[in-house]
Amino acid sequence: MTPTDPAAVDWDHLHRAATDAMRAAYAPYSHFRVGVAGLVDDGRTVTGCNVENASYGVGLCAECGMVSDLVKGGGGRLVAVWCVDGAGRTLMPCGRCRQLLWEHGGAACLLRTPEGDLTMREVLPQAFGPEDLQSEYPPQR
C-alpha cells in the first residue's frame, strides 16, 4: 500500500487513533499533550504520544513513540501520518520529527498539516537521508 493520493487514506481513522494516543501522553510539566498515528505500507496503524521528563530537553515527542511502535511491530514504511494536540487539532511536527518521518516514510509519505495534506518532499525539501551517507569522499582522519 503506497497511496500518493490523500483521498486514498482513511484520515478519520488516523485522527481517531492519534486522539486516542494523545490521551495517554505524559505531560505533567507543559500540560501539552500530543498524539500521532501513522498508516504503514502493510495496512497497520502505529501510534505514539509525547512523554515529558523533569529535565525538559530529554522529553520524547509523540513521533518518536510512533516510530518505536513501527520498528517494534516489524518495520515497514509510513504512508500517511497525522499529529494532534490535546484538543484534537492538527499539529505540525517539529524539525527533529520531520527528519524521523522522512527516514521512515520517505519523500512520498503524506502528512496532514494545518495547511492541508502534503508529502514529506513538500514538508522537508532537500532532506538529508540515508543516501547522503554514501559519499564519494574518503572519511577524514
Side-chain angles (χ1 to χ4, degrees), residues 1-140:
M1 164 184 290
T2 56
T4 55
D5 176 9
V9 175
D10 185 350
W11 291 106
D12 289 335
H13 169 73
L14 284 181
H15 187 259
R16 283 190 306 275
T19 301
D20 286 347
M22 173 272 301
R23 291 186 183 110
Y26 178 74
Y29 308 106
S30 72
H31 306 288
F32 191 78
R33 295 173 173 271
V34 179
V36 66
L39 173 64
V40 183
D41 59 1
D42 63 7
R44 286 179 294 138
T45 299
V46 291
T47 62
C49 64
N50 61 319
V51 179
E52 293 182 346
N53 184 285
S55 64
Y56 292 103
V58 295
L60 299 174
C61 295
E63 295 86 345
C64 294
M66 180 186 66
V67 168
S68 291
D69 193 25
L70 172 71
V71 172
K72 175 183 64 68
R77 301 293 288 166
L78 293 168
V79 173
V81 174
W82 194 343
C83 185
V84 300
D85 68 11
R89 293 177 298 241
T90 303
L91 282 178
M92 192 64 174
C94 72
R96 177 180 89 164
C97 290
R98 292 178 198 191
Q99 183 67 37
L100 277 173
L101 297 178
W102 181 274
E103 181 89 10
H104 295 279
C109 179
L110 294 169
L111 179 63
R112 173 68 47 103
T113 78
E115 295 184 1
D117 301 326
L118 300 173
T119 64
M120 286 306 300
R121 182 182 317 283
E122 294 168 304
V123 170
L124 195 60
Q126 301 183 45
F128 182 87
E131 63 282 355
D132 293 302
L133 297 175
Q134 306 303 316
S135 174
E136 298 176 20
Y137 305 103
Q140 293 183 357

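When reading the values below, keep in mind they use all heavy atoms of this one structure, side chains included, and skip hydrogens, waters and symmetry mates. Residue numbers start at 1 and run along the sequence shown.
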Please tabulate, for the side chains in residues 58-75, all donor-acceptor contacts under 3.5 angstrom to protein atoms that are two or more places apart in sequence or on a different chain.
{"from": "Ser68", "atom 1": "OG", "to": "Cys64", "atom 2": "O", "distance (Å)": "3.2"}
{"from": "Asp69", "atom 1": "OD1", "to": "Lys72", "atom 2": "NZ", "distance (Å)": "3.4"}
{"from": "Asp69", "atom 1": "OD2", "to": "Thr47", "atom 2": "N", "distance (Å)": "3.1"}

CG (Leu39) and CG (Leu78) are apart, to the nearest 0.5 Å, by 8.5 Å

Arg23 vs Arg33, side-chain contact (heavy atoms from CB on, under 4.5 Å): CA-CA, chis, key distance, verdict: CA-CA 7 Å; Arg23 291 186 183 110; Arg33 295 173 173 271; 5.6 Å; no

What verdict does the side-chain contact (heavy atoms from CB on, under 4.5 Å) test give for Phe128 and Leu133, after you've listed the backbone C-alpha separation in whole Å, the side-chain angles of each residue and the deciding distance to 0.1 Å? CA-CA 9 Å; Phe128 182 87; Leu133 297 175; 3.7 Å; yes

Residues Ala21 and Gly48: closest non-hydrogen pair is CB-O, 3.4 Å

Flag if over 12 foreign heavy atoms under 6.0 Å of CZ, Arg44:
yes

Between Asp41 and Gly76 the two heavy atoms that sit nearest each other are OD1-CA, 3.7 Å

*Taking the side chain as every heavy atom from C-beta outward, state whether Glu52 and Pro28 have any atom pair closer than 4.5 Å.*
yes

query: What class does the angle between the rings of Trp82 and Trp11 fall in, given that below 30° is parallel, 30 to 60° is tilted and above 60° is perpendicular?
result: perpendicular

CA sep, side-chain torsions, deciding dist, call: Leu111, Met92, side-chain contact (heavy atoms from CB on, under 4.5 Å): CA-CA 9 Å; Leu111 179 63; Met92 192 64 174; 4.1 Å; yes

Distance col, row Glu122:CD vs Leu110:CG, nearest 0.5 angstrom, shows 9.0 Å

So the side-chain hydrogen bond (donor to acceptor under 3.5 Å, both in side chains) pairs with at least one residue in residues 100-113 (sequence neighbours excluded) are Arg112-Asp117

From the list Leu91, Thr90, Leu14, Asn50, side-chain contact (heavy atoms from CB on, under 4.5 Å) with Cys83 holds only for Leu91

In this structure, CG of Leu101 is separated from CZ of Arg96 (nearest 0.5 Å) by 11.5 Å

